[in-house]
Amino acid sequence: GPVDYDVLVEYDNGTEDIVELGTGLFRWINKYLMRPLFMLLINSGMNLALAILLLTIIVKLILSPVNYKMYKSSAMMKVLKPQIEKISKKYPKKEDAMKKQQETMALYRETGVSPLAGCIPMLIQMPILFAIFRLFPSAIELRQKTFLWAEDLSTYDSILNIGFDIPFYGDHVSLFPILASIAIFFYMKMTTGQQMASQPTQEGMPDMQKMMKYMIYFSPLMMLFFFNQYESGLSLYYFVSNTLMIGIMLVIKNYILDEDKIHAKMQENKKKPKKQNR
């Protein structure tokens with residue numbers, strides 16, 4: 001029968017554990033952070049779809065400093081790219097790989113740039129993203145709640161019945177997954193393009209760049225097929241989330257970060273005395 005998390009909690013015998021909020025860290029995030037925040041919005045009397053929208057905005061605002069760090073790291077690597085490629089041309093032979101690596105690392109230290117700086121913020125936000133993936137499918141509050149064309153946010157928002165079953169897709173067309181896939185495509189177009197522009201061309205890099213180009217198209221397609229039969233509330237979240245991310249990235253790129261200032265700051269870092277690395 002229906003599984004209501006709040007009702008099961010009142011029994012105080014651990015039966016609320018059958019609600020699939022995720023495992024380990026993901027369940028902890030949902031139990032103590034995401035679900036209480038979501039329920040606070042719902043209990044305030046607002047429409048459920050509006051609660052999803054506000055939750056999405058709050059999560060993205062919380063993670064915006066992390067995304068700023070990621071974009072700033074990519075911008076710094078982009079500024080540094082010509083110098084790294086110059087080092088690669090200086091040591092084209094395989095036997096000089098150690099010298100090339102040492103000189104590249106020395107350049108990173110002098111300018112205060114870390115090639116891993118963009119990875120750490122990504123790892124920080126991944127637990128929240130995975131937790132939300134389990135939050136909406138387990139929320140009984142979505143049942144029979146409507147929004148726009150979606151008659152029930154706890155199931156898929158079919159706008160067309162195909163009449164036959166397509167493997168891994170289903171026998172219908174859901175609109176929110178289509179919108180989410182389009183948003184993911186443009187978001188990945190922005191972020192992947194920035195990463196490719198910041199990465200110096202090295203041996204084997206053309207294959208890596210080709211793979212990244214394929215991912216721009218593969219990820220939205222996977223989203224389209226995978227979420228066609230998922231809860232429309234979850235697809236709505238991903239659509240709003242990626243649309244907001246596009247807006248945040250555009251603001252960071254056009255109004256916050258200045259590559260000329262970044263270059264000037266890196267030149268200042270070169271003049272500062274460096275501590276010996278442990």
Side-chain angles (χ1 to χ4, degrees), residues 5 19-22 25-71 121-157 174-191 219-220 222-224 226-228 230-253 256:
Y5 183 84
V19 180
E20 297 183 7
L21 291 175
L25 177 62
F26 309 133
R27 184 177 184 85
W28 187 90
I29 293 173
N30 274 331
K31 185 176 180 179
Y32 296 105
L33 178 62
M34 303 310 302
R35 181 172 173 81
L37 179 58
F38 186 44
M39 294 307 299
L40 178 65
L41 295 173
I42 294 175
N43 293 333
S44 66
M46 69 176 60
N47 178 274
L48 187 66
L50 181 59
I52 294 176
L53 296 176
L54 283 179
L55 179 68
T56 310
I57 293 172
I58 292 171
V59 170
K60 288 306 167 188
L61 288 177
I62 292 173
L63 294 177
S64 58
V66 175
N67 293 305
Y68 169 77
K69 288 285 186 181
M70 290 174 57
Y71 201 91
M122 185 181 296
L123 293 175
I124 291 174
Q125 64 179 337
M126 287 304 288
I128 295 178
L129 299 179
F130 279 117
I132 290 176
F133 178 74
R134 293 307 320 157
L135 175 66
F136 293 116
S138 66
I140 195 174
E141 291 79 15
L142 269 64
R143 292 187 67 189
Q144 300 178 352
K145 300 297 183 181
T146 62
F147 180 63
L148 298 177
W149 58 85
E151 297 179 357
D152 189 341
L153 288 172
S154 67
T155 186
Y156 49 79
D157 56 313
S174 299
L175 185 52
F176 276 132
I178 295 176
L179 297 176
S181 298
I182 294 172
I184 288 175
F185 171 78
F186 284 107
Y187 173 66
M188 291 197 67
K189 192 82 171 175
M190 290 176 57
T191 55
S219 295
M222 185 176 66
M223 167 78 187
L224 183 63
F226 190 72
F227 284 86
N228 189 59
Y230 255 70
E231 294 79 1
S232 53
L234 184 61
S235 300
L236 170 63
Y237 168 81
Y238 279 115
F239 166 60
V240 176
S241 176
N242 284 281
T243 303
L244 283 173
M245 280 304 305
I246 292 172
I248 290 172
M249 296 299 279
L250 287 173
V251 169
I252 292 174
K253 179 181 179 181
I256 298 179

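Because the structure is a prediction, the values reported are computed rather than measured. As a basis for the values below, the full set of heavy atoms in this structure was taken, side chains included, without hydrogen atoms, waters or symmetry mates.
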* Structure fact -> So CD1 of Ile182 and CE of Met223: to nearest 0.5 Å the spacing works out to 11.0 Å
* Asked: Does Leu55 reach the side chain of Phe136, with side-chain heavy atoms less than 4.5 Å apart?
  -> yes
* To do: Take Val59 and Tyr237, measure what side chain to side chain contact (heavy atoms under 4.5 Å, CB included) needs, and give me the verdict at the end.
  => CA-CA 11 Å; Val59 170; Tyr237 168 81; 4.0 Å; yes
* Mind checking what makes side chain to side chain donor-acceptor pair (under 3.5 Å) contact with Lys60, not counting sequence neighbours? -> Ser241
* Asked: How long is the gap from CG on Leu25 to CZ on Phe130, to the nearest 0.5 Å?
  -> 11.5 Å
* Asked: Roughly how far, to the nearest 0.5 Å, is OG of Ser154 from CG of Leu48?
  -> 10.0 Å
* Asked: In chain order, what residues pass the ring-ring contact (aromatic ring centres under 6.0 Å, His included) check against Phe227, with sequence neighbours excluded?
  -> Tyr230, Tyr238
* Asked: How would you list, by chain and number, every residue that makes a side chain to side chain donor-acceptor pair (under 3.5 Å) with Asn242, sequence neighbours excluded?
  -> none
* Output all residues satisfying side chain to side chain donor-acceptor pair (under 3.5 Å) with Thr56, sequence neighbours left out; order by chain, then residue number. => none
Hey, can you pull the donor-acceptor pairs under 3.5 Å for the side chains in residues 33-45, sequence neighbours left out?
unit_1: Arg35; atom_1: NH2; unit_2: Asp6; atom_2: OD2; d: 3.4
unit_1: Arg35; atom_1: NH2; unit_2: Glu141; atom_2: OE2; d: 3.0
unit_1: Asn43; atom_1: ND2; unit_2: Met39; atom_2: O; d: 3.1
unit_1: Ser44; atom_1: OG; unit_2: Leu41; atom_2: O; d: 2.5

* Under the side chain to side chain contact (heavy atoms under 4.5 Å, CB included) test, residues paired with Asn228 that sit two or more places apart -> Tyr169, His172, Ser174
* Structure fact -> Taken in chain and number order and not counting sequence neighbours, the residues that satisfy side chain to side chain contact (heavy atoms under 4.5 Å, CB included) with Ile246 are Phe186, Tyr187, Met190, Leu250
* Inter-residue atom distance Asn30.CG - Ile128.CD1, 0.5 Å rounding -> 10.5 Å
* **Those residues that, when tested against Thr146, pass side chain to side chain contact (heavy atoms under 4.5 Å, CB included) (two or more places apart)** => none
* To do: Apply side chain to side chain contact (heavy atoms under 4.5 Å, CB included) to Thr155 and list each qualifying residue two or more places apart in sequence or on a separate chain.
  => Asp152
* Report yes if some heavy atom in the side chain of Ile52 is under 4.5 Å from a heavy atom in the side chain of Phe147; otherwise report no. => no
* Asked: So do the side chains of Lys31 and Tyr5 get within less than 4.5 Å of each other, counting heavy atoms only?
  -> yes
* Asked: How many angstroms lie between atom CG of Leu236 and atom CG of Leu179, to the nearest 0.5 angstrom?
  -> 9.5 Å
* Mind checking the CD1-CG spacing from Ile184 to Leu224? Nearest 0.5 Å is all I need. => 10.0 Å
* Return the set of residues passing side chain to side chain donor-acceptor pair (under 3.5 Å) with Glu151 (not counting sequence neighbours), or none when no residue passes. => none
* Structure fact -> residues 175-185 vs side chain to side chain donor-acceptor pair (under 3.5 Å), sequence neighbours excluded, gives none
* Any side-chain heavy atom of Asp157 within less than 4.5 Å of one from Pro177? -> yes
